[in-house]
Amino acid sequence: MLNIALPKGRLGETVYDLFERAGFECPSIREKSRKLIFENEKTGVRYFWVKPSDVPIYVERGAADLGVAGKDIILEYAPDVYELLDLGLGKCRMAVAAKKDFHDDGTKTLRVATKFPNIASDYYEGIGREIELIKLNGSIELAPILGLSDVIVDIVETGTTLRENNLEVKAEILPISARLIANKSSFRFADREIGLITEKMKELVTAND
Ligand code: PRP
């Protein structure tokens with residue numbers, strides 16, 4: 001059995017569709033239930049729904065052989081795993097955003113609210129800007145509106161959340177998409193199965209381009 005950690009939520013369904021089209025179906029996963037683990041002996045796969053930011057932990061520690069995680073999560077947590085394939089799904093970007101009338105004149109330490117402290121620090125270190133990090137866990141857009149921070153570093157997908165809160169992108173940091181990742185020792189010992197899944201998914205992803 002190959003253990004596969006899928007990110008629970010919007011992205012997870014699309015990701016499972018791709019595994020299914022690649023020939024690794026597990027029909028029980030489509031039944032409405034609160035179960036978290038699903039397996040299909042015929043195709044030799046066991047899927048489980050994991051909080052997206054936890055996927056790299058399961059894969060790094062070998063509880064999952066394979067998993068799918070956003071590039072944002074991979075960069076933030078830097079897990080010791082192999083990144084096998086860009087699935088081209090869940091495309092969005094990491095960006096700096098602020099109130100429309102905010103201009104950084106560089107005179108004061110910049111207050112940055114984010115769920116991604118490592119990505120934010122690396123970015124500002126790269127441009128030599130001194131910052132104070134404010135780590136939040138969600139609804140990051142509130143921070144500049146309430147004066148908790150000057151800017152945010154966050155994911156922008158459609159841009160609707162920013163627009164509806166009168167914020168705008170001030171700088172793009174990097175593009176994000178979902179990646180197939182593998183546990184390092186599984187990659188050695190289950191190389192045939194993992195190689196097959198990766199190849200099949202690569203064909204589908206390339207055909208979609
Ligand atoms: C993410 C992100 C933005 C929003 C961007 O939040 O943090 O708030 O999506 O999407 P949009 O550009 O399409 O509006 P998420 O839904 O993951 O919830 P969170 O606020 O709890 O982080």
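First listed ligand is number 1; within each ligand, the first listed atom is number 1.
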Taking transitive links into account, so neighbours of neighbours count too, which hydrophobic residues share a cluster with L142 at under 4.5 Å side-chain distance?
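Answer for L142: L146.
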Distance-only side-chain donor-acceptor flag, [X] / [Y], under 3.5 Å:
| X | Y | result |
| --- | --- | --- |
| D17 | T14 | no |
| S177 | R179 | yes |
| N165 | E141 | no |

Can you see whether F102 has K170 sitting over its ring - NZ or CZ less than 6.0 Å from the centre and within 45° of the normal?
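No cation-pi geometry.
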In the structure I gave you, are the side-chain heavy atoms of V68 and I181 within less than 4.5 Å of one another anywhere?
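Counting from C-beta outward, V68 and I181 never come under 4.5 Å.
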Just to be sure I understand the cut-off, which residues have at least one non-hydrogen atom under 4.0 angstrom from an atom of ligand 1?
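Ligand 1 pocket, heavy atoms under 4.0 Å: R10, K115, G138, S139, E141, D154, I155, V156, E157, T158, G159, T160, T161.
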